[in-house]
Amino acid sequence: MKTYARELTLFFTLLLACPIGHAAEQDNWYLANEWSVSNTKGVAYYEDDVTGTRQIYVCNGSGTSAKISVYDLNGSLARHITIATSRNYANDLALDENGTIYIAEYHAVTCLENDGTFKWRKGKNASISSYGSGGTGNAEFDNVQGIMLHHSTGEIFVAERNNRRIQVLDKNGNFLRKFGSQGTAPGQFYELKNLAVDSEGKIHAADRRRISVFNPDGTFLRRHPEQSNSSDWEYVSISKGGLLISHQGHVYNLEMSYIGDLPFDDDARTLFTPEGDIIESYNHKIRIWKRAYRTKGLPVRNVIPQPAVRAITQRAGTNIIDLDFEIIDPDDANATVGILAAQDGAFTDTSKWILPQTWVDGTASKIGTPIATNQVHRVSWNVKPDWTDSTGTLKFEIICHDARRTSPVDLHFLTLPLPDGNLTISRSPLKDSDFESYAKFLIATRATGVFVDINGSIIENGAQVPNGSTQYIFTNCGASGKDGPTWTEVNASYLGTNLAGTVSMTTQGIQEWTVPHSGTYVVEAAGAMGGRNPDANADFGYGAYARGKFNLSVGDKIKILVGQMGLNSTSNNSGGGGGSFVTTDSDIPL
C-alpha cells in the first residue's frame with residue numbers, strides 16, 4: 001500500500017566498488033592517531049637506543065616563526081626547539097643515530113644538538129644570527145626543500161628547488177660534491193623537492209614530474225616515466241621492504257608497479273618507522289598509520305577492473321541516452337556492473353542521485369549480470385521516466401566487480417589456519433567507504449533484498465513490483481484541512497484505478513478497504529512533510545516512513561489515514577505534516 005511520494009537522494013562519495021587485489025604478501029595500514037600542528041612540513045622519527053624513547057620531530061610554523069616541535073607517538077607535546085637566533089622556513093629535517101638534528105631551511109642547512117644547542121649553519125651569509133641569502137656556490141643554497149641522511153655513507157644529501165641540484169655535505173657541514181642541473185635530460189631536474197634512500201643505498205629524487213634514481217656518488221641510474229600531472233612526485237618515502245609512497249598516498253614498488261592508495265592529503269610528507277608504521281605530516285596535522293598484519297594474497301595478482309566511459313550521446317528528438325563503456329581487466333574474462341547517475345554533474349554529498357531503471361533495446365540484461373571485459377558495451381536509458389527534470393547535467397558512475405570476487409568490496413575476515421599454516425588477514429579496520437561502496441553496488445545492480453524508494457515506488461528484489469503482485473496506492477484524495485477527504489472525494493479520486501468502488505468510509509478522512517485476496521502484503525506508509533516558513537528561509541521536514549510485511553486474509557478490513565502536508569506560514573511557526581496510519585478494523589496499528 002502506497003501512501004506517500006518521495007524522490008531518491010543518495011549521499012555517497014565517488015569511488016570504485018572494487019578494492020585492489022595484490023600478489024603474494026603485502027603491508028596494510030590503518031589510521032591509529034592524529035593531532036593538530038600548525039603549518040606542518042618535514043617530519044622525522046627518532047628512537048633513543050639507551051632510553052627507548054620514541055619521538056616525532058616536525059618542522060612547523062612559517063617564515064621567521066619556524067620551529068621544531070617534538071611529540072610522543074600519542075600526540076603529547078614534549079618540547080619546542082628554537083632554530084638558532086634567526087630562522088626562515090624550515091622545510092625538512094633529519095636526525096642521525098645520536099639524535100643530532102639537521103634542518104633544511106630556505107637558504108641554509110642548520111645543525112643542532114638534540115637539546116637545541118646550535119652547532120653550525122651553512123649557506124651564503126649564514127650564521128647563528130642570520131638565516132642567510134640565496135646562493136649558487138658550493139655549500140650555498142636557494143630554496144632547500146628536502147634533506148636526507150644516507151644510512152651507509154653517513155653523508156647529508158640536500159635537495160635545492162631553485163638551483164635544481166643535490167649537494168652532499170659531511171656531518172660537519174663541509175661541502176663534498178654536487179650533481180644535477182636544470183633541464184629535461186637524464187640526471188637533470190625540473191623542480192627538485194624531496195629525497196629518499198632505499199635499502200641498497202640508491203637515492204630517489206622527487207622532481208614533481210618524475211623520480212630519478214642515483215648512486216650516492218651522483219651517478220645517474222634511471223628515471224621513471226614522466227607523469228601527466230606535473231605535481232605527482234613532490235615528496236616520497238621508502239620503506240625497508242621496498243615500498244615507495246608518494247605525497248598523494250600512491251603506493252608503488254621500486255620498479256614503479258602500482259600497488260594501491262592510502263587516503264593522504266595532496267601535500268603530505270611521510271616517513272616509515274623501523275616497524276613499518278607511517279608518519280604523515282600534512283597541512284595542519286600529524287597522522288600515525290599503524291602497520292597491520294601482512295596479507296597473504298592470491299598467487300596471481302587479481303587486477304582491479306577499471307570502468308571507462310567511451311561515449312555518451314542523446315538520440316535526436318528522444319529522451320534516450322546511449323552510454324558506451326568498457327571494463328578494462330587484463331586477468332578476468334567478465335565482470336558485473338551497476339550504473340548510477342548524478343544530477344548537476346558532481347559526485348558529492350549534495351548531488352541528486354538517480355538509479356536508471358528504464359533501460360531500452362534489451363540493454364537491461366547487461367546490468368547486474370556478468371558481461372565480457374575489454375570490449376565496448378552499450379546500454380540505452382530512457383531518461384524521462386526516471387528523471388522528471390526538463391533540463392540539467394548528468395554524470396554516470398559505473399561500479400563493478402570482476403569474476404574472481406564474490407562481493408564488490410573486500411569485507412575483511414580472519415582465516416585460520418591457511419593450508420600452509422600461515423595467518424592471513426585483509427586490510428584493517430573496515431572503512432565507511434567500504435560499506436558505502438557495497439551499498440551503491442547492491443542498489444545499482446538491484447540485488448535481492450535491497451529496497452530503495454524512488455519517486456514513490458519501491459524497488460524490491462530487482463523489480464518495481466514483484467512478479468504476480470498487485471500494488472494499491474492510497475492518497476489523501478486531494479483533500480486539505482484537518483478533517484480529511486469525504487467519501488465523495490475518495491470515490492472520485494480512485495475512479496479508473498484498481499481501488500475504484502472498493503474503498504468505503506464511516507468516519508470522514510479514514511478510508512476503509514477490504515483485503516481482496518489472502519497472502520503476504522507489503523505495507524508502506526509515510527507521514528506528510530511539514531510546511532515551509534519562507535521568511536525564515538527554512539526547509540520543510542519529511543515525514544517518518546515505515547514498512548512491513550503482513551499475512552492478511554481475504555475479507556480482512558484495513559483502515560487508512562493519509563496525512564496532509566503542513567501549511568506554509570510567514571510567522572515564526574509553520575504547520576506540521578499530518579501523520580499517516582494503517583490499522584486493522586479493530587484499530588490495532590500495523
Side-chain angles (χ1 to χ4, degrees), residues 27-85 87-105 110-119 146-149 194 196 235 237-240 245 247 249 262-293 427-432:
D27 285 297
N28 298 278
W29 297 269
Y30 64 94
L31 182 60
N33 195 15
E34 68 176 7
W35 62 89
S36 297
V37 180
S38 176
N39 294 305
T40 57
K41 293 190 177 181
V43 62
Y45 172 85
Y46 178 65
E47 182 172 348
D48 191 315
D49 292 336
V50 177
T51 65
T53 302
R54 298 182 298 167
Q55 292 181 317
I56 296 169
Y57 291 67
V58 58
C59 299
N60 66 102
S62 60
T64 56
S65 64
K67 61 182 179 297
I68 308 298
S69 296
V70 184
Y71 297 87
D72 66 22
L73 298 187
N74 294 318
S76 297
L77 177 66
R79 57 196 167 107
H80 293 302
I81 299 174
T82 300
I83 307 171
T85 307
R87 77 287 308 169
N88 187 25
Y89 286 103
N91 290 321
D92 199 10
L93 78 167
L95 278 76
D96 65 17
E97 65 278 4
N98 298 315
T100 306
I101 306 169
Y102 304 89
I103 305 164
E105 294 185 79
T110 302
C111 178
L112 308 176
E113 297 283 8
N114 193 262
D115 62 3
T117 302
F118 180 84
K119 291 190 68 176
I147 192 168
M148 181 200 76
L149 281 170
N194 181 231
Y235 308 106
S237 57
I238 298 174
S239 73
K240 291 192 300 184
I245 296 184
H247 70 288
L262 286 169
F264 287 173
D265 182 80
D266 279 352
D267 198 28
R269 302 190 189 212
T270 60
L271 63 86
F272 287 91
T273 70
E275 293 78 21
D277 298 336
I278 300 172
I279 301 173
E280 176 193 4
S281 169
Y282 86 106
N283 198 4
H284 300 287
K285 284 185 181 296
I286 295 294
R287 285 177 168 175
I288 307 296
W289 296 85
K290 294 292 291 183
R291 178 174 177 249
Y293 295 99
R427 186 176 71 245
S428 174
L430 283 168
K431 300 185 298 181
D432 290 346

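Sequence positions, counted from 1, serve as the residue numbers for this chain.
For N98 (side chain) and T100 (main-chain N/O), no donor-acceptor pair under 3.5 Å exists by modelled atom type. In this structure, the side chain of Q55 does not engage the main chain of Y46 through any donor-acceptor pair within 3.5 Å. A side-chain donor-acceptor contact under 3.5 Å links R87 to the backbone of T85. When atom types are taken as modelled, the side chain of H284 and the backbone of N39 share a donor-acceptor pair closer than 3.5 angstrom. Of the possible polar contacts, none joining the K240 side chain to the G276 backbone as a donor-acceptor pair under 3.5 Å is found. Although no hydrogens or angles enter the test, the distance criterion places a donor-acceptor pair under 3.5 Å between the side chain of S281 and the main chain of K41. Although no hydrogens or angles enter the test, the distance criterion places no donor-acceptor pair under 3.5 Å between the side chain of D92 and the main chain of G42.
With respect to W289, the ring pair (Phe, Tyr, Trp, His ring centres under 6.0 Å) criterion is satisfied by exactly one of W29, Y282, F272, F264: F264. Between Y57 and the choices V43, I81, I103, the side-chain contact (heavy atoms from CB on, under 4.5 Å) rule is met once, by I81.
Here the shortest heavy-atom pairing between K67 and I83 reads CA-CD1, 4.0 Å. Here the closest non-hydrogen pair linking H247 and A268 is CB-O, 3.0 Å. The two residues A84 and F118 come nearest to each other via the heavy atoms CB-CD1, 3.8 Å. Pairing each heavy atom of L77 with each of V70, the nearest pair is CD1-O, 3.4 Å. The nearest pair of heavy atoms linking G75 to N33 is N-ND2, 4.0 Å. Residues A44 and L95 share a closest heavy-atom pair of CB-CD1, 3.7 Å.
For the atom pair OH (Y45) and CD1 (I56), the distance works out to 8.0 Å, reported to the nearest 0.5 Å. The OG1 atom of T110 sits 13.0 Å away from atom NZ of K119, with the distance rounded to the nearest 0.5 Å. With rounding to the nearest 0.5 Å, the separation of CZ in R54 from CG in D48 is 12.5 Å. In this structure, CD1 on I101 lies 11.5 Å from CD1 on I147, to the nearest 0.5 angstrom. With rounding to the nearest 0.5 Å, the separation of CG in L149 from CD in E97 is 8.0 Å. In this structure, R269 CZ and N194 CG are separated by 7.0 Å, a value rounded to the nearest 0.5 Å.
Between K290 and D277 there is a salt bridge, since at least one side-chain N of the basic residue sits less than 4.0 Å from a carboxylate O of the acidic one.
Using a 4.5 Å heavy-atom cutoff, the side chains of I279 and T270 are not in contact.
In this model, a donor atom of one side chain and an acceptor atom of the other lie less than 3.5 Å apart for S69 and H80.
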Q: Start with the C-alpha distance between S76 and N74, add both sets of side-chain angles, then the distance that settles side-chain hydrogen bond (donor to acceptor under 3.5 Å, both in side chains), and finish with yes or no.
A: CA-CA 6 Å; S76 297; N74 294 318; 5.9 Å; no

